[in-house]
S.K.: 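Once you've had a glance at the structure underneath, I'll fire off some questions.
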Amino acid sequence: MRKTALAMLASFTAVLLLAPALHAEDTYIHYLKNKQEPADCFESRDGYSNATRTEVEPGLPNVKCSNKTGGVLWWGDPFDGTEPMGEMPVEADYTREEAVVKPRTGQLKYYMPCTACHNGSMVPYPKNKNPRPLAMHQDIVPDSMNLQHGQGAIWCLDCHNARNRDTFIDHKGGEIGLNQPQRLCGKCHGEVYSDWRDGIHGKRIGSWEKGGKKRWWVCTECHNPHTVQERRFDPIAPEPRPQYPRTRANADHERGHGAGAGH
Amino acid sequence: MSEPRDKDEKKKDAPLKPDEASRREFLGGAGLSVTAAALSGAGALLSGSDEAEAKATWGEWFQKNYRLMTEDEKREAVLRLEKRYTEEFGKQTTVDSAPAKEGVLFGYALNIQKCIGCRRCVYACVKENNQSRDNPEIQWIRVLKMEKGNFLAGDMDKGYPDPAGIQVGGNAYKNSGVVLEGEHYYEPAEVPEKGYFYFPMQCMQCEKPPCVKVCPVRTTYRDPDGIVVIDYNWCIGCRMCIAACPYWARRFNWGEPNLPAEEMNPVTHYLGNRPRMKGVAEKCTFCLQRTRQGRYTACVEVCPVGARKFGNLLDPDSEVRKILEKKKVFRLKAELNTYPKFFYFMD
Ligand code: SF4
Ligand code: SF4
């Protein structure tokens, strides 16, 4: 009895002593030794652009993930889970070379598809486009009467198709697939759209070569369209800091003028 | 997850073998007599050590500077390394020797307005390029956190820049936080932090590289695709290049590198990410083991905000060329005439 109590006390003190020390060790080697690599990791937007770690061939994973943040740190297979980008109306690299994207529908929380409920009978079609408080999906848009995107000029049904909720809607009433948000966002954000087509805005991975196969990131893989007005990109946890120089216990020597970023 | 192997451990009881003695020691001591001796004499020197390893070691110590090797000699060197790494790390390792491609000049562009300082690029690089994980910890990319500057009229008459700071921005009267004085050990819960921007630095692959000028054994040189490479086997560890580089890009293996076998990337290039040894300099090579095969660099591929762009400067349709055309671009310390092929840009 007493022995157990003693052992417990000892281990408790050990935890007390160790815990703060471990926490302060925000270094790569610390996480490498003390934490497992997660099997489900995120690319750009946590919860909305995720990759599941598998082996492409023995010894080659599709991705390597951070033991600290769960972010993707290395791409073994840049085309994992992708499909052809689909038709794009304006000419760019994607019309001349092989362009693939990761379908968005697989990353959407409520997609079963949407018309499983929004079919006119289970959920009736809205009568007009006037803003009204949402009865559901408040986790995505908490205050629909105060939607910041477009600052009052647009509302849900200017992007979401009222009659076919599995699609977006363009200026002329035409349908845009959920996997091509770039065509929707490009309706208003022309300058960014042009930069995106040139590969300046956004992200492409795979082959840098002319004519090479590339995976293109689409708008909603980085931006949350419902909160983008407040935050272009949702903050994420950084990867571990580099180790301090051997003779230092903190980074104070870097602060203040004259210390320089020296060697 | 196993501990990083400590190579010093197994050294203690084994007799001193040339590959385990330091290069200087070897060349300075026993080496003198060996170079004078015929090749058969070398066998005697190496007797007692394992035959295959001795052969590999012998070959490695006395191979030519990579640039002077014939194709046959390159093949031989590469096979030797493949065999050694495969044995050492317990997995099939390839050592590529692909030369620069015709018509390609690699360039890089980084959007400092987009970078959020998440450091994913740092570790993508570490995972790809087989840097020592600990003791010494080596990272080729360094992300500096910098205070945002401003041009407030009220500050215009307030003093000159701090004499010890190096002004690279701000206005003439105030350094506005934009001095090359970033902090790179930052560890907040989330990035980006309000009021700061982030400035990643790595090898700029200068067209006129000061590091190449100072290397006394010419083991670092510029390849035709613009990559400044290092033949690690010829590096004598003098660290002149580290002192010469104005961009703080080069790192030194002060100790035997610690690269756990399960962390090791087995797809390597002779001039790129093959495992290094104690006492040699290393730095970013724009992932030439990947980029010479057409793949983007590891850091481009993980940047969650797409701040990193890479491509062929000679191709007018490439991402980097379009950035040079459309965006505001600058090069770090352009006044030094190093002609970096690494551009920073803004939207
Ligand atoms: S950045 Fe430094 S290491 Fe890279 S080429 Fe220039 S001088 Fe050499
Ligand atoms: S991965 Fe991208 S956003 Fe993160 S620190 Fe590197 S350049 Fe900046």
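Chain letters run A, B, ... following the sequence lines, proteins first and then strands; every chain starts at 1.
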S.K.: Cut-off 3.5 Å, no hydrogens considered: what does the side-chain donor-acceptor table look like for residues 185-193 of chain A, sequence neighbours left out?
M.R.:
residue	atom	partner	partner atom	Å
K187(A)	NZ	D158(A)	O	3.1
K187(A)	NZ	I169(A)	O	2.9

S.K.: With a 4.5 angstrom heavy-atom cut-off, which part of Y28(A) approaches chain B: side chain, backbone, both or neither?
M.R.: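 Both the backbone and the side chain of Y28(A) come within 4.5 Å of chain B.
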S.K.: Checking S66(A) against chain B: side chain, backbone, both or neither under 4.5 Å from a heavy atom?
M.R.: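 No part of S66(A) comes within 4.5 Å of chain B.
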S.K.: Quick check on K91(B) against chain A: is it the side chain, the backbone, both or neither that has a heavy atom closer than 4.5 Å?
M.R.: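 Contact with chain A involves no heavy atom of K91(B) at all.
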S.K.: Mind checking the CG-SG spacing from L73(A) to C121(B)? Nearest 0.5 Å is all I need.
M.R.: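 If we round to the nearest 0.5 Å, L73(A):CG and C121(B):SG are 10.0 Å apart.
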S.K.: Mind ranking D234(A), L60(A), V72(A), V63(A) by heavy-atom pairs under 4.5 Å with chain B and telling me who comes out on top?
M.R.: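 The answer is V72(A).
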S.K.: Extract all donor-acceptor atom pairs below 3.5 Å that involve side chains of residues 296-305 of chain B and protein atoms in other chains or at least two apart in sequence.
M.R.:
residue	atom	partner	partner atom	Å
Y296(B)	OH	E319(B)	OE2	2.4
T297(B)	OG1	V300(B)	N	3.2
E301(B)	OE1	R290(B)	NH2	2.8
E301(B)	OE1	R295(B)	NH2	2.9
E301(B)	OE2	G206(A)	N	2.9
E301(B)	OE2	R295(B)	NE	3.0

S.K.: Kindly indicate whether the side chain of P242(A), heavy atoms from C-beta on, has any atom under 4.5 Å from the side chain of E137(B).
M.R.: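 The answer is yes, as the side chains (C-beta and beyond) meet within the 4.5 Å cut-off.
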S.K.: Calculate, to the nearest 0.5 Å, the distance between atoms CG and CG belonging to D134(B) and L32(A) respectively.
M.R.: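 So the CG of D134(B) and the CG of L32(A) are separated by 9.0 Å.
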S.K.: Would you mind checking which part of E43(A) comes under 4.5 Å of any heavy atom in chain B, side chain (CB onward), backbone (N, CA, C, O), both or neither?
M.R.: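 The backbone, not the side chain.
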S.K.: K213(A) versus chain B, heavy atoms under 4.5 Å apart: side chain, backbone, both or neither?
M.R.: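 It is neither, since no heavy atom gets under 4.5 Å.
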S.K.: Check whether R45(A) gets within reach of chain B through its side chain, its backbone, both or neither, counting any heavy atom under 4.5 Å.
M.R.: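 Interface part for R45(A): neither.
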S.K.: What closest approach, in Å, do W74(A) and A124(B) show between heavy atoms, and which atom pair accounts for it?
M.R.: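 Smallest heavy-atom distance, with atoms named: CD1-O, 4.0 Å.
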S.K.: If you round to the nearest 0.5 Å, how far is CG of D198(A) from NZ of K327(B)?
M.R.: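 It comes to 9.0 Å.
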S.K.: Check this for me: R232(A), atom CZ, are more than 12 non-hydrogen atoms of other residues, nucleotides or ligands nearer than 6.0 Å?
M.R.: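 No, CZ of R232(A) has 12 or fewer neighbouring heavy atoms, counting only those of other groups under 6.0 Å.
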S.K.: In terms of heavy-atom pairs under 4.5 Å with chain A, which of C125(B), P136(B), G294(B), A307(B) leads?
M.R.: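 Looking at each of C125(B), P136(B), G294(B), A307(B) in turn, G294(B) comes out on top.
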S.K.: Would you indicate whether K109(A), at its atom NZ, is surrounded by more than 12 heavy atoms from other residues, nucleotides or ligands within a distance under 6.0 Å?
M.R.: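 Count over threshold, so yes.
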S.K.: Measure distances from N250(A) to the heavy atoms of chain B and classify the residue's part below 4.5 Å as side chain, backbone, both or neither.
M.R.: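 Contact with chain B is absent: no heavy atom of N250(A) under 4.5 Å.
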S.K.: Does the side chain of P240(A) reach to within under 4.5 Å of the side chain of Y123(B), using non-hydrogen atoms?
M.R.: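 Result yes, sub-4.5 Å side-chain heavy-atom pair found.
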S.K.: Which atoms form the tightest heavy-atom contact between P238(A) and G117(B), and what is the distance?
M.R.: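 Heavy-atom minimum between the residues: CB-O, 4.1 Å.
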S.K.: P58(A) versus chain B, heavy atoms under 4.5 Å apart: side chain, backbone, both or neither?
M.R.: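 Looking at P58(A), nothing touches chain B.
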S.K.: Can you confirm whether K68(A) sits close enough to R119(B) that some side-chain heavy atom of one is under 4.5 Å from a side-chain heavy atom of the other?
M.R.: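 Answer no - side chains too far apart.
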S.K.: Taking atom types as modelled and ignoring hydrogens, do the side chains of Q243(A) and N135(B) form a donor-acceptor contact shorter than 3.5 angstrom?
M.R.: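 No, N135(B) and Q243(A) have no side-chain donor paired with an acceptor closer than 3.5 Å.
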S.K.: Any idea which heavy atoms bring E263(B) and K64(A) closest together, and the distance?
M.R.: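 Here E263(B) and K64(A) meet closest at O-NZ, 4.4 Å.
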S.K.: Let me confirm one number: the CG-CG distance from D317(B) to D93(A), rounded to the nearest 0.5 Å.
M.R.: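 D317(B) atom CG to D93(A) atom CG measures 7.0 Å (nearest 0.5 Å).
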S.K.: In terms of heavy-atom pairs under 4.5 Å with chain A, which of A189(B), G311(B), P192(B) leads?
M.R.: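 Top option by heavy-atom pairs under 4.5 Å: A189(B).
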S.K.: Could you note down all residue pairs passing disulfide (SG to SG under 2.5 Å) where residues 29-76 of chain A supplies at least one of them, sequence neighbours left out?
M.R.: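 Checked against disulfide (SG to SG under 2.5 Å) - neighbours excluded - the pairs reaching residues 29-76 of chain A are C41(A)-C65(A).
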S.K.: For chain B, find which of W217(A), W208(A), F233(A) contributes the most heavy-atom pairs closer than 4.5 angstrom.
M.R.: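 Most pairs with chain B among the choices: W208(A).
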S.K.: Tell me if the CD atom of E87(A) is crowded by more than 12 foreign heavy atoms within 6.0 Å.
M.R.: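 For E87(A), atom CD is not crowded (no more than 12 foreign heavy atoms under 6.0 Å).
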S.K.: Relative to chain A, which of R308(B), E190(B), Q293(B), R120(B) shows the most heavy atom pairs under 4.5 Å?
M.R.: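 Of the candidates given, the most pairs with chain A belong to R120(B).
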S.K.: Report, in residue-number order, which members of residues 103-111 of chain B are under 4.5 Å from chain A by heavy-atom distance.
M.R.: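 Checking residues 103-111 of chain B against chain A gives V104(B), F106(B).
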S.K.: Between I323(B) and chain A, with a heavy-atom cut-off of 4.5 Å, which part of the residue counts as in contact: side chain, backbone, both or neither?
M.R.: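 Interface part for I323(B): both.
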S.K.: Among Q92(B), E193(B), E128(B), which residue forms the greatest number of heavy-atom pairs with chain A at distances under 4.5 Å?
M.R.: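 That would be E128(B).
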S.K.: Between P188(B) and chain A, with a heavy-atom cut-off of 4.5 Å, which part of the residue counts as in contact: side chain, backbone, both or neither?
M.R.: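 Both parts, heavy atoms under 4.5 Å.
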S.K.: Evaluate the side-chain proximity of E239(A) to V122(B): yes if any heavy-atom separation is below 4.5 Å, no if none is.
M.R.: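 They are not in contact (no side-chain heavy atoms under 4.5 Å apart), so the answer is no.
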S.K.: With a 4.5 angstrom heavy-atom cut-off, is it the side chain or the backbone of N312(B) that approaches chain A, or both, or neither?
M.R.: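 Its backbone and side chain both get close to chain A.
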S.K.: How close do K203(A) and G306(B) get, heavy atom to heavy atom, and via which atoms?
M.R.: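 Result for this residue pair: CB-CA, 4.0 Å.
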S.K.: Is there a donor-acceptor pair under 3.5 Å between the side chain of K322(B) and the backbone N or O of I200(A)?
M.R.: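 No, because the side chain of K322(B) does not come within donor-acceptor range (under 3.5 Å) of the backbone of I200(A).
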S.K.: Output the distance between atom OH (Y185(B)) and atom CG (D26(A)), rounded to the nearest 0.5 Å.
M.R.: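 If we round to the nearest 0.5 Å, Y185(B):OH and D26(A):CG are 13.0 Å apart.
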